[in-house]
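Every number for a ligand or one of its atoms is a count from 1 in the order of the listing. Quick note: numbers below take in every heavy atom, side chains included, and nothing from hydrogens, waters or symmetry partners. Just so it is clear, the model here is predicted, and its values are computed rather than measured.
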Amino acid sequence: MGVVIDGRNIANSLKNAVKKEVGFLKLQGANVCLAVVLVGKNPASLVYVKNKKKCCEELGICSKEVFLKEDVSQNELMEVIEKLNKDGSVNGILVQLPLPAHLDEYEVINAINPKKDVDCFNSLNVGKLFTGSSVFEPCTPAGIVDLIKLTGIEIAGKHCVILGRSNIVGKPLAIIMLQQNATVTVCHSKTFNLKEHTKNADILVAAVGVANFVGEDMVKEGAVVIDVGINRLSNGKLCGDVNFSEVKRKASFITPVPGGVGPVTIAKLMENTLKSYKLQN
Ligand code: GUN
């Protein structure tokens with residue numbers, strides 16, 4: 001039976017460290033501030049933005065939400081970003097993705113001042129991440145590495161198989177895992193013989209966005225299984241990309257959904273917000 005990794009507990013220890021430093025800065029009269037831009041009313045995005053705001057409040061970080069209408073123009077959105085770039089009281093800027101189809105996501109993300117880019121999505125920061133010289137790391141992949149390491153699991157030398165090649169999770173995670181000296185395989189929807197790859201994984205990360213995609217027949221005995229998926233079932237319940245009850249029997253460690261990768265991702269965002277303050281002060 002696999003050990004269930006408690007993401008909330010790990011997130012709390014990361015958040016406590018941030019809270020302490022933010023509190024110390026407050027005593028000196030300094031404020032750390034995160035601006036979150038949300039376009040439209042995507043239900044999942046509304047939940048994420050609400051959770052980010054709540055976490056900021058918990059840690060004493062000032063949060064500024066900018067809500068824009070679904071039909072906002074590219075120019076209007078670019079002006080909002082420019083204003084936040086220039087605003088000295090704003091340290092970090094996050095534009096919640098996905099954006100409505102009429103907007104150019106790439107142009108918007110690249111307009112964010114790289115020193116305020118707490119998501120690490122800006123091309124300059126992605127390039128730096130590639131060479132291991134980025135100040136920021138994207139929150140979900142960085143959170144996954146923390147989840148594994150803080151559980152006491154060694155990454156170096158292990159075979160990490162990643163399911164999914166998104167710009168937010170799969171691709172940057174592959175780079176970060178390489179930096180951690182893992183051997184990395186990235187699989188995706190066009191991969192032949194998927195099971196042959198996943199059954200070789202010492203560390204298996206599922207980020208495909210399909211409920212219960214990973215069954216026990218895809219997992220090696222004793223593997224560490226990290227579930228990035230957040231899928232809502234027709235009965236309203238949340239579930240991950242991994243068939244938890246099945247895979248738990250075979251894994252050595254497994255993350256639950258909810259309560260696994262999600263809370264640690266937000267904790268990493270708080271760390272990055274503090275970093276963005278330090279970069280500007
Ligand atoms: N949408 C889903 N995940 C993320 C994330 O990590 N950052 C942003 N900005 N949008 C997202």
Pair Asp87 + Lys64, salt bridge at N-O below 4.0 Å: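 Salt bridge between Asp87 and Lys64, a charged N being under 4.0 Å from a carboxylate O: yes.
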Lys/Arg N to Asp/Glu carboxylate O, Lys15 vs Glu58, below 4.0 Å: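 A salt bridge links Lys15 with Glu58.
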Set of residues that line ligand 1, where lining means a heavy atom lies under 4.0 Å from it: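 If the criterion is a heavy atom under 4.0 Å, then ligand 1 touches Leu94, Val95, Gln96, Leu97, Asp119, Phe121.
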Side-chain heavy atoms of Lys158 within contact of Ile153, under 4.5 Å: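 Yes, close enough: below the 4.5 Å cut-off.
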Verdict with supporting geometry, Ser123 and Asn110, side chain to side chain donor-acceptor pair (under 3.5 Å): CA-CA 6 Å; Ser123 295; Asn110 281 323; 3.1 Å; yes
Check: His197/Thr191 side-chain N/O donor and acceptor closer than 3.5 Å: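 Thr191 and His197 do not have a side-chain donor-acceptor pair below 3.5 Å.
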Distance-only polar pair, side chains of Glu65 and Ser63, donor-acceptor under 3.5 Å: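 Checked: Glu65/Ser63 side chains pair up, N/O donor to acceptor below 3.5 Å.
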